[in-house]
Amino acid sequence: MILTKQYRCIHSASCPCTKGHLSEDVIFLVFHNLNWNPKLIATLSCVCKWFDDLAKRVLWKEFCRSRAPKMLRDLQSNGSHIVDGNWRALGKLLIYCSGCTKGGLFNSIQIPGHFVNQTRFSRTSGQSFLLPQCRTDVLYVTDPCEHSDQGEEGDVGFFRGVFKSFATSKVRKMLINMGAKLHPTEVCPYCRAKLWSMLQAKMIPQSASFRLGSYDDYIEYYVCLNGHMLGICTLLPLSESEEASELE
């Protein structure tokens, strides 16, 4: 098949794509056949502003739909929607554990961020991270991404999540009504929005540590203005019976 129709980049006179671009339909078909490969989408976004805009509007959206179709249908149901431009942030949330840096959100430890092969987001688990008066909200949360033997910190777990319709959620309303302060310097690693500390707001229920399998006093998480959640916990050691069953 000969593809001749091209479109010039209108974003920048210095754009290296001086000979124009293939149509969006052709690029859509190419990435559909590549199963919406996130590394290739990210690479394409770096070529120029035209490709970056296309990735934000179309490619990351299709990536999210292909990786978490049931969650996406729920997040967009009942008039709720994800504004175009945030698809890239959601795509990153689906496949990237942010880790932490010393002096950052989780001060005491340095663990590099990394991509994860598979992640399960659970609406049922999300209920465990909400106070009883906020449990009509919808929150999807992952199982902890485990990082073993972190010195004095023990076995560390990172988890992340996303709210449905966060702008109208009871959690957001409660944070605003109590005058919770946003973090002065750190921002969400997924969308760059400012963050509320749920620990400082005293909005972490005991059920969260039970769901994660962590110590009660070693769990902390943040929620950003766009409803993304990221947190850290110290995981309880496996019991002898659990260790034995794993060996089996």
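These numbers were taken from a predicted model, which means no experiment stands behind them.
In this structure, the ring of F31 has its center no less than 6.0 angstrom from the ring center of F63. Ring centers of F106 and Y222: under 6.0 Å apart, within the cut-off. The distance between the ring centers of H147 and F158 falls below 6.0 angstrom. For F28 and W36, the distance between ring centers is under 6.0 angstrom.
Side-chain contact between M174 and M203: present, with at least one pair of heavy atoms (C-beta onward) separated by less than 4.5 Å. Looking at L195 and V223, their side chains never come closer than 4.5 Å, going by heavy atoms from C-beta outward. Taking 4.5 Å as the limit, every side-chain heavy atom of C233 sits out of range of all side-chain heavy atoms of E220. K194 places none of its side-chain heavy atoms less than 4.5 Å from the side chain of C224. The shortest side-chain heavy-atom distance between V141 and R211 does not fall under the 4.5 Å cut-off. Taking the side chain as every heavy atom from C-beta outward, W60 and S45 approach each other to under 4.5 Å. Side-chain contact between L105 and H183 is present, with heavy atoms from C-beta onward closer than 4.5 Å. Two residues are said to be in side-chain contact when any heavy atoms from C-beta on lie closer than 4.5 Å; D74 and Y140 meet this criterion.
Using modelled atom types, no side-chain atom of E186 and backbone atom of G104 make a donor-acceptor pair closer than 3.5 Å. Between the side chain of Y190 and the backbone N or O of L230 there is no donor-acceptor pair closer than 3.5 Å. Remark: the backbone N or O of T142 is not paired with any side-chain donor or acceptor of R120 at under 3.5 angstrom. The backbone N or O of R57 sits nowhere less than 3.5 Å from a side-chain atom of W87 that would complete a donor-acceptor pair. Side-chain atoms of D137 come within 3.5 Å of backbone atoms of K170 as a donor-acceptor pair (strictly under, hydrogens ignored). S165 places no side-chain N or O within donor-acceptor distance of the main-chain N or O of T168, the cut-off being under 3.5 Å. A donor-acceptor pair under 3.5 Å is formed between the side chain of N37 and the backbone N or O of K39. K92 places a side-chain N or O within donor-acceptor distance of the main-chain N or O of P189, the cut-off being under 3.5 Å. No donor-acceptor pair closer than 3.5 Å links the side chain of R123 to the backbone N or O of L139. R160 places no side-chain N or O within 3.5 Å of a backbone atom of M229 that could act as its donor or acceptor partner.
Across S207 and R135, no two heavy atoms sit closer than the pair OG-NH2, 3.2 Å. Residue Y215 comes nearest to L235 through the heavy atom pair CE1-O, 3.7 Å, listed as atom of the first residue, atom of the second, then distance. Taking each heavy atom of C97 and V116 in turn, the nearest pair found is CB-CG1, 4.2 Å. Closest approach of K102 and Q110 over heavy atoms only: N-OE1, 3.2 Å. The shortest non-hydrogen separation linking P69 to S66 is CD-O, 4.0 Å.
Tested against L54 for a side chain to side chain contact (heavy atoms under 4.5 Å, CB included), the candidates I27, V47, I41 yield a single pass: I27. A side chain to side chain contact (heavy atoms under 4.5 Å, CB included) with F163 is found for exactly one of L130, L75, N226, namely L130.
Both L212 and L199 are members of a single hydrophobic cluster when ILVMFWY side chains are connected at heavy-atom separations under 4.5 Å. Using a 4.5 Å cut-off between side-chain heavy atoms of Ile, Leu, Val, Met, Phe, Trp and Tyr, with links allowed through other members, L175 and V187 fall into different hydrophobic clusters. Hydrophobic clustering, with ILVMFWY side chains joined whenever heavy atoms are under 4.5 angstrom apart, keeps M71 apart from F159. Under the 4.5 Å side-chain heavy-atom criterion for Ile, Leu, Val, Met, Phe, Trp and Tyr, Y221 and Y96 are members of distinct hydrophobic clusters. I219 is not connected to V156 by any chain of hydrophobic side-chain contacts under 4.5 Å among Ile, Leu, Val, Met, Phe, Trp and Tyr, and they are in different clusters.
Around the CD atom of Q206, the shell of radius 6.0 Å holds no more than 12 heavy atoms that belong to other residues, nucleotides or ligands. Counted within 6.0 Å of NE2 on H114, heavy atoms from surrounding residues, nucleotides or ligands total more than 12; the atom is thus considered enclosed.
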Any chance you could lay out the salt bridge (Lys or Arg N to Asp or Glu O under 4.0 Å) test for K56 and D52, step after step, and finish with the verdict?
-> CA-CA 6 Å; K56 288 177 181 177; D52 186 47; 3.5 Å; yes

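In summary, the side chains of S77 and K164 do present a donor paired with an acceptor at a separation below 3.5 Å, with no hydrogens or angles considered.
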